[in-house]
Number of protein chains: 2
Amino acid sequence: MHISYEIDADVSLQERLRFAGLRPTRQRIALASLIFAKGDRHLSAEELHEEALGVNVPVSLATVYNTLHQFTQAGMLRILAVEGAKTYFDTNVSDHHHFFVEGDNEVIDIPSGSTMVGNLPPVPEGMEIVNVDIIIRLRKKRG
Amino acid sequence: MHISYEIDADVSLQERLRFAGLRPTRQRIALASLIFAKGDRHLSAEELHEEALGVNVPVSLATVYNTLHQFTQAGMLRILAVEGAKTYFDTNVSDHHHFFVEGDNEVIDIPSGSTMVGNLPPVPEGMEIVNVDIIIRLRKKRG
DNA sequence: CTGTGTGCAAACTCTTTGCATAAGT
DNA sequence: ACTTATGCAAAGAGTTTGCACACAG
């Protein structure tokens with residue numbers, strides 16, 4: 001579904017939240033506008049929390065976590081299993097893959113045009129595919 | 001390099017460890033034989049720890065972590081970034097990919113014959129590829 | 001009003017670290 | 001002997017939970 005939220009961001013964010021069965025509270029609206037303001041992003045709970053505090057939206061970290069998970073469940077975000085401890089959330093829910101820059105811990109989208117998945121292997125008995133994640137790990141060329 | 005460790009597991013494990021610059025201590029030998037006894041495996045530190053205790057090798061969890069990381073650095077293991085908190089170590093160091101069964105948190109190797117990576121996308125300026133990880137997330141068919 | 005959301009702090013899980021003791025060469 | 005590993009317990013990072021208060025409908 002598409003809501004043209006370019007016209008009035010706050011109003012349609014409210015609609016999106018309502019549509020997802022989430023009450024459009026101050027915090028959720030604020031977080032949603034931070035998350036979805038700048039197009040595709042990858043962020044951790046910590047990052048979003050700091051960003052919120054930075055623009056004087058004093059949410060608690062717990063609420064950030066709750067909100068991110070609620071948005072994920074609503075299909076507005078996607079969890080990105082990259083590495084170790086930190087969980088990243090991806091605002092691009094469509095089918096695409098990722099570069100991951102080691103050292104920087106930076107996640108970069110791979111445009112979905114660059115089709116890469118060739119023939120899938122046979123899936124084990126009684127199982128079905130949820131999704132296919134490709135992560136290309138990069139390092140800076142020493143130079 | 002290949003050492004035929006089928007002949008006498010303990011002796012050649014010692015050699016492997018020595019070759020990696022690791023002193024072949026009781027704990028490392030015991031853990032190595034648990035890890036490499038049964039062919040390709042995916043295990044977490046917790047699992048290995050319990051397994052060790054189960055066969056009366058009383059190592060501490062800290063030592064298990066240390067050992068797994070040392071083995072990884074020595075190229076005998078590979079870290080598997082699957083999901084969230086837990087770190088999995090893969091005894092299959094060669095080029096291959098994985099199924100991940102959601103719910104069970106089970107990791108299954110995809111035989112490297114099933115080539116899947118087609119055309120890789122252009123790599124960002126100044127970067128080089130470390131490796132390509134493909135994880136196919138599965139769920140049990142409800143039935 | 002009524003129910004859901006939020007903030008806080010405490011709890012939890014996985015992992016790492018510091019330091020005294022034990023073991024390898 | 002001399003050096004490196006180990007064990008323990010404590011610290012650390014990231015995430016979650018429980019409960020009183022606040023807010024949306």
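Below, chain A is the first sequence line, B the second, and so on; all start at residue 1. Just the heavy atoms: all of them, side chains too, but no hydrogens, waters or symmetry mates, feed the values below.
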Nearest-nucleotide check on DNA chain C, B/Tyr88 vs A/Arg26; residue mapping nearer the 5' end is A/Arg26
- Message: Is there a path of hydrophobic side-chain contacts, each under 4.5 Å between heavy atoms, that joins B/Tyr88 and B/Ile35?
- Response: no
Value for NE2 (B/His42) from CG (B/Leu77), rounded to nearest 0.5 Å, stands at 11.0 Å
Legend entry - Presence of salt bridge, B/Arg41 and B/Glu47, under 4.0 angstrom: no
Span of DNA chain D engaged by chain A, first through last nucleotide within the 4.0 Å heavy-atom cut-off, is D/dG14 to D/dG25
Could you tabulate the donor-acceptor pairs under 3.5 Å formed by side-chain atoms of residues 128-139 of chain B, not counting sequence neighbours?
unit_1, atom_1, unit_2, atom_2, d
B/Glu128, OE2, A/Arg139, NH1, 3.3
B/Glu128, OE2, A/Arg142, NH1, 3.4
B/Asn131, ND2, B/Asp133, OD1, 2.7
B/Asp133, OD1, B/Arg78, NH2, 3.3
B/Asp133, OD2, A/Arg137, NE, 3.2
B/Asp133, OD2, A/Arg137, NH2, 3.1
B/Arg137, NE, A/Asp133, OD2, 3.2
B/Arg137, NH1, B/Glu83, OE1, 2.9
B/Arg137, NH2, A/Asp133, OD2, 3.1
B/Arg139, NH1, A/Glu128, OE2, 3.3

Contact check, residues 54-64 of chain B vs DNA chain C, heavy-atom distance under 4.0 Å, returns B/Leu61, B/Ala62
Between A/Leu68 and the options A/Leu31, A/Leu43, A/Ile79, the side chain to side chain contact (heavy atoms under 4.5 Å, CB included) test singles out A/Leu43
In short, side chain to side chain donor-acceptor pair (under 3.5 Å) pairs touching residues 19-30 of chain A with sequence neighbours left out are A/Arg28-A/Gln70
| message | Please tell me whether A/His96 and A/Asp90 have a donor and an acceptor in their side chains that are separated by less than 3.5 angstrom. | response | yes
**Residue pair B/Asn105 / B/Phe100, side-chain heavy-atom distance below 4.5 Å** = yes
Grouping I, L, V, M, F, W and Y whenever their side-chain heavy atoms are under 4.5 Å apart, do B/Val59 and B/Phe71 come out in a common cluster?
yes
**Request:** Look at the side-chain heavy atoms of Ile, Leu, Val, Met, Phe, Trp and Tyr, link any pair under 4.5 Å apart, and say whether B/Val64 and B/Val57 land in one connected group.
**Result:** yes
Go through the steps to decide whether A/His69 and A/Phe89 satisfy the test ring-ring contact (aromatic ring centres under 6.0 Å, His included), and finish with yes or no. CA-CA 9 Å; A/His69 283 131; A/Phe89 294 83; 5.7 Å; yes
Within residues 71-78 of chain B, those residues having any heavy atom closer than 4.0 Å to DNA chain C are none
Heavy-atom nearest nucleotide on DNA chain C taken for B/Thr25 and for B/Thr87; more 5' hit belongs to B/Thr87
| query | Can you tell me if B/Asn92 uses its side chain to pair, donor with acceptor, with the backbone of B/Ser94 under 3.5 Å? | reply | yes
Describe the nucleic acid contact of A/His69 in one word from base, sugar-phosphate, nothing, applying a heavy-atom distance below 4.0 Å. sugar-phosphate
Bounded by its outermost nucleotides with an atom under 4.0 Å from a heavy atom of chain B, the footprint on DNA chain C reads C/dC14 to C/dT25
- Task: Answer whether the closest heavy-atom distance between the side chains of B/Arg16 and B/Phe36 falls below 4.5 Å.
- Result: yes
